[in-house]
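What follows is a set of notes on a single structure, which appears directly below.
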Amino acid sequence: MIMHRQMAHSSTLNPAQRKAVETTDGRVLILAGAGSGKTSVLTHRIAHLLSHHQVPPQAILALTFTNKAASEMRHRIASLVDSKLARHLTLCTFHSFCMQVLRKEIERLGYTSAFTLYDEKDVKRLVQHMARHMLEHEGSLPSLEPTLAKISAAKNRGESVLTVGELATWHDRFSAELYERLQGCMRAYNAVDFDSLLSLTNQLFEEFPDVLTRYQNRYQYIMIDEYQDTNPTQYRLASLLSAKHHNLCVVGDDDQSIYGWRGAEIQHILQFEAPSIIKLEQNYRSTPTILHAANAVIRHNKERHDKELWSHAEPGELIELFHAPNDADEASAIVQRMIKLHERERIPWKEIAVLYRSNALSRPLEIALIEAVWQKEGQWVRGIPYQVFGGTELYERSEIKDLIAYLKTISNPLDEEALLRIINLPRRGISDQTLDLITKTNRQTNIPLFSVLEGLAKADPQFDHLSQQLSNRAHAGIKSFVQLLQKYQTLFAPSTSSPRALHTSLKEFLQEIDYEKAIADDVKSDKMRSFKWENVLHCVENLRNYEEEMLEKDTSPSLVDFLSTTMLDRDQWTHRDQSFREDQVNLMTFHSAKGLEFTACFLAGLEDHIIPHEKSLLETGVEEERRLMYVAITRAKRFLYMSMARHRKRMGQEAESAPSRFLFEIPKDLIKIVPWKIA
DNA sequence: CGTCAGCGGGTTTTT
DNA sequence: CCCGCTGACG
């Protein structure tokens, strides 16, 4: 045992890290500053539990916010311990954990285990439909933005009713009514959204103590990553699960809490009661100059745990700050310096990032990158390779959404939102008018839409009245639609006698509905056509990959599971095959940069109104904006540039802007103010 | 069923 | 100013 304490794998840890790894029991708070080796600590801690305390992997639960974090941790653990052990850990996002629980237990709450998952857009669409239906006698719809905001805030708090302002205004009452109906509707559709994935799990645990006890007994050790980002529902879940063994270890950094506007509660990490509070303050990422600047800025916040990043390294370069006349000049000045870094300091493009507060600021930068002229292996070339994070993603594309809607309808015919999306796609003569008639019957009788369609298809006398009102064309369309769905419900059904690959069925399905032609009919340009079709094929490829993965894991693949995995892991759509490791400059928001690091960072548009964002000042307050600035600064390893423009177009108008107030919080001796034009 | 004009809105985003 | 959505019209 004593020999094991000096196990090779933990010998690289510093004393604070080691303490964090070895404090296994009870409530533990690990305050992990930016770049302090948080992932290392978490993975070593889990490895330590497994190999040193012989905790079975099934008894460990580690929850993260992103799939990326979960899979990175799993890989790193697998390199520390027997990979068989690593495989049996429950290490996943909050959402996929709840998905797993609900797939097994949701029938207690009146859903079926084939429930489908809605994303925000799906919910929004549904809310719009419902609002239109509720107010069909009114002239025009009120703006749904405030309603959606209220509903989303309530969901984040795990509240199933709106009690905003005692429902004083008409709009409040309307929102409350809509929220109530929305939940009824989701239930009827057998659909769950991202937020209710969490709140339903809590509800399940609260209403069925026997279920809770099972999970409490199983998970002796619970760890939560990025604890500063937990919202009340996640907090509740952690409390429920850890209430038996009380071995709850939370890891995070209050200074990096930047998701308050999405319901995250910084108070959770500020007020976490624990006998052991461990601070990781030694930074392995940035130069002391950069760290001093970051510390100086964040010191101005009141709501925080006291801590300060430090490093043994050489002080490093000063932070360069420049003020350009306008945004285009700022962008080209950034690109000029970037070329210098690449050519003189040999910094690869992928080690360079430009970070900005909001996506709208990326335009001028892209233009400057495209127009840039530089020397590649002695040749003059035009254009620096770059990638912008967070554009319109593949999964948002209509051809994919339509295809997914088809698969949702096949696996859960109660999902009327999905059904209505594809009922006339490709066109099969079911017009809006026809649909109106059918949905009216569906609403009046409370018979699910798909059952009405089935009834019509087999001429069930119950629907004679409705049937008479429909055209022959509509009849034919409905009949073929119902047959199509029934056929593929069987083909995609799990564990039929002849095990058939899902992607084979999908290919056959695409052929049968002639989706390629449907896309071709819909789109003018050839380029767009092939692009869309490629996206569809990519989707088939995803399904095939999924099936392979499942077979490797000895789990049986299913359409339902594929759909939820797909919805819960959007990375598979973006960074799977393409370019992730390519040598490209990175453009992204401060928010998306969290967790990443680059040798050189350019922080662009550091102007008051942009950072701190004036709208955000009113909502989440100046401290969250300061944390955002802190996150941005701490992304840089060696070179940090800060810049702003004196004039910038704002809402169409040219306007003057002032330097960000946060710049004045950085000690002058860390900054070198340089002319924007490079000599 | 598809196209176009007029209108509102414009911060951050993962699951 | 530029975008996306809605609703009216062909």
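Order of the sequence lines fixes the chain letters, A, B, ..., with proteins taken first and strands second; residue numbering starts at 1 for each chain. Worth knowing before you read on, the calculation uses all heavy atoms, side chains too, and leaves out hydrogens, waters and symmetry mates.
To the nearest whole angstrom, the two P atoms, one in C:dG4 and one in B:dT11, are 15 Å apart. Nucleotides C:dC5 and B:dT12, compared at atom P, are 16 Å apart to the nearest Å.
Note: CZ (A:Arg650) to P (C:dC1) measures 17 Å, nearest angstrom. If you measure from atom CG of A:Asn231 to atom C1' of B:dT13, you get 14 Å, rounded to the nearest angstrom.
Contact annotation: side chain of A:Arg262 to base of B:dT12, donor-acceptor pair absent below 3.5 Å.
Checked against the 6.0 Å centroid criterion, the rings of A:Trp261 and A:His591 qualify as a close aromatic pair.
With a 6.0 Å radius and a threshold of 12 heavy atoms from other residues, nucleotides or ligands, A:Tyr235 has its OH atom at or below the threshold.
Between B:dT14 and A:Thr93, no contact under 4.0 Å exists linking OP1 or OP2 to a side-chain N or O. At the phosphate of C:dT6, OP1 or OP2 sits under 4.0 Å from a side-chain N or O atom of A:Gln128. Of the side-chain N and O atoms in A:Thr589, one or more sit less than 4.0 angstrom from OP1 or OP2 of B:dT13. Proximity of A:Lys615 to the phosphate of B:dT11: a side-chain N or O atom is located under 4.0 Å from OP1 or OP2. Close to B:dT13, at under 4.0 Å from its OP1 or OP2, lies a side-chain N or O of A:Asn359.
When each of A:Leu361, A:Val354, A:Asn359 is checked for a side chain to side chain contact (heavy atoms under 4.5 Å, CB included) with A:Leu587, only A:Val354 meets the rule.
At a threshold of 4.0 angstrom between heavy atoms, the contacts of A:Phe65 are confined to the sugar-phosphate backbone, with no base atom among them. Heavy atoms of A:Glu145 sit nowhere under 4.0 angstrom from any nucleic acid atom. Residue contacts for A:Thr620: at a heavy-atom cut-off of 4.0 Å it reaches no nucleic acid atom on any strand shown.
Both geometric conditions, a ring-centre gap below 5.5 Å and a plane tilt below 30°, are not fulfilled together for A:His95 over the base of B:dT15. Lacking a ring centre under 5.5 Å from that of the base six-membered ring together with a plane angle below 30°, A:Tyr259 does not count as stacked on B:dT13.
For the pair A:Arg635 and A:Phe590, the cation-pi criterion (under 6.0 Å, within 45° of the ring axis) is not fulfilled.
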